[in-house]
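Quick caveat, the model's predicted, so the values are computed rather than measured. Residue numbers start at 1 and run along the sequence shown.
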Amino acid sequence: PRGSRGTSSSSRSRRGPGVPSPQPAATMLSRLLKEHQAKQNERKELQEKRRREAITAATCLTEALVDHLNVGVAQAYMNQRKLDHEVKTLQVQAAQFAKQTGQWIGMVENFNQALKEIGDVENWARSIELDMRTIATALEYVYKGQLQSAPS
């Protein structure tokens with residue numbers, strides 16, 4: 001038993017000053033491993049934090065872009081509704097105008113027909129007047145002829 005202790009003392013002395021014994025080296029390795037793992041965990045946490053921040057920023061950007069696009073889409077939709085309303089109004093007004101135009105055309109055609117009839121009546125009246133003059137002249141001629149033959 002005594003020799004074994006002496007061996008460890010003599011082995012220390014053989015290593016020389018400044019060379020650590022095996023136990024402190026294992027402790028140092030363990031400490032370095034823990035530090036390395038702690039730094040890795042810190043990096044992972046930092047990376048996860050940055051990933052969450054990037055996702056949040058991307059979400060905000062996406063929402064802002066969608067909102068911006070939705071404003072344009074909403075405006076286009078409102079314009080389309082206004083245009084549809086205007087088209088319907090125009091169709092109603094065009095139908096009313098067509099109906100009114102048809103009535104005006106009918107009135108003009110009736111007026112033209114009335115003018116033709118007046119022209120026909122005027123011609124008929126002239127014809128009657130001419131016939132009456134002819135008859136009046138004939139009767140006058142006959143009457144004068146009777147007056148001339150009566151005194152003799």
Side-chain angles (χ1 to χ4, degrees), residues 11-12 15-152:
S11 65
R12 267 192 228 150
R15 283 185 236 171
V19 176
S21 67
Q23 277 185 342
T27 308
M28 192 161 81
L29 280 175
S30 174
R31 185 175 50 84
L32 286 174
L33 179 63
K34 286 180 184 177
E35 286 176 8
H36 174 71
Q37 288 174 344
K39 285 182 182 179
Q40 270 189 327
N41 285 339
E42 286 178 23
R43 284 188 200 124
K44 283 181 182 178
E45 288 175 11
L46 182 61
Q47 185 178 10
E48 183 63 26
K49 180 182 173 188
R50 288 180 180 166
R51 187 183 70 78
R52 285 193 303 266
E53 288 173 355
I55 288 172
T56 303
T59 302
C60 288
L61 175 65
T62 303
E63 288 174 357
L65 289 173
V66 168
D67 288 345
H68 180 71
L69 290 175
N70 281 343
V71 168
V73 169
Q75 185 64 42
Y77 178 74
M78 290 301 294
N79 289 344
Q80 183 65 39
R81 286 188 58 195
K82 287 178 184 177
L83 286 173
D84 288 344
H85 177 71
E86 291 296 322
V87 165
K88 287 178 184 176
T89 303
L90 183 61
Q91 286 174 339
V92 168
Q93 290 176 348
Q96 289 174 344
F97 181 69
K99 182 179 177 183
Q100 189 175 24
T101 303
Q103 290 173 346
W104 289 345
I105 289 172
M107 289 173 56
V108 168
E109 287 175 353
N110 288 341
F111 182 70
N112 283 339
Q113 186 63 33
L115 284 178
K116 286 180 185 176
E117 289 174 4
I118 288 174
D120 290 345
V121 168
E122 187 178 356
N123 285 337
W124 176 76
R126 282 188 197 143
S127 178
I128 295 283
E129 183 182 4
L130 186 62
D131 288 346
M132 294 302 264
R133 285 181 195 240
T134 304
I135 291 172
T137 305
L139 285 175
E140 189 179 322
Y141 180 72
V142 169
Y143 178 72
K144 283 182 184 180
Q146 286 179 352
L147 284 179
Q148 288 175 359
S149 55
S152 19

List, one per line, each side-chain donor-acceptor pair under 3.5 Å for residues 30-43, sequence neighbours excluded.
from: R31; atom 1: NH1; to: E35; atom 2: OE2; distance (Å): 3.0
from: N41; atom 1: ND2; to: Q37; atom 2: O; distance (Å): 3.4

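- For residues 48-64, the pairs satisfying salt bridge (charged side-chain N to carboxylate O under 4.0 Å, His left out) are E48-R51, E48-R52, with sequence neighbours left out.
- The salt bridge (Lys or Arg N to Asp or Glu O under 4.0 Å) test applied to E86 returns no partner, not counting sequence neighbours.
- The CG atom of N123 lies 12.0 Å from the CD1 atom of I128; values are rounded to the nearest 0.5 Å.
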Show the atom names and distances, to 0.1 Å, of all donor-acceptor pairs under 3.5 Å that link a side chain in residues 100-116 to residues at least two apart or in another chain.
from: T101; atom 1: OG1; to: F97; atom 2: O; distance (Å): 2.7
from: N110; atom 1: ND2; to: G106; atom 2: O; distance (Å): 3.4

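- Note on residues 89-98: no pairs pass side chain to side chain donor-acceptor pair (under 3.5 Å), not counting sequence neighbours.
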Side chain to side chain contact (heavy atoms under 4.5 Å, CB included), that's the test. Do R81 and H85 meet it? Break it down for me.
CA-CA 6 Å; R81 286 188 58 195; H85 177 71; over 6 Å; no

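- Listed by chain and residue number, E129 satisfy the salt bridge (Lys or Arg N to Asp or Glu O under 4.0 Å) test with R133 (two or more places apart in sequence, or in another chain).
- Within the 3.5 Å criterion, the main-chain N or O of L130 finds a donor-acceptor partner in the side chain of T134.
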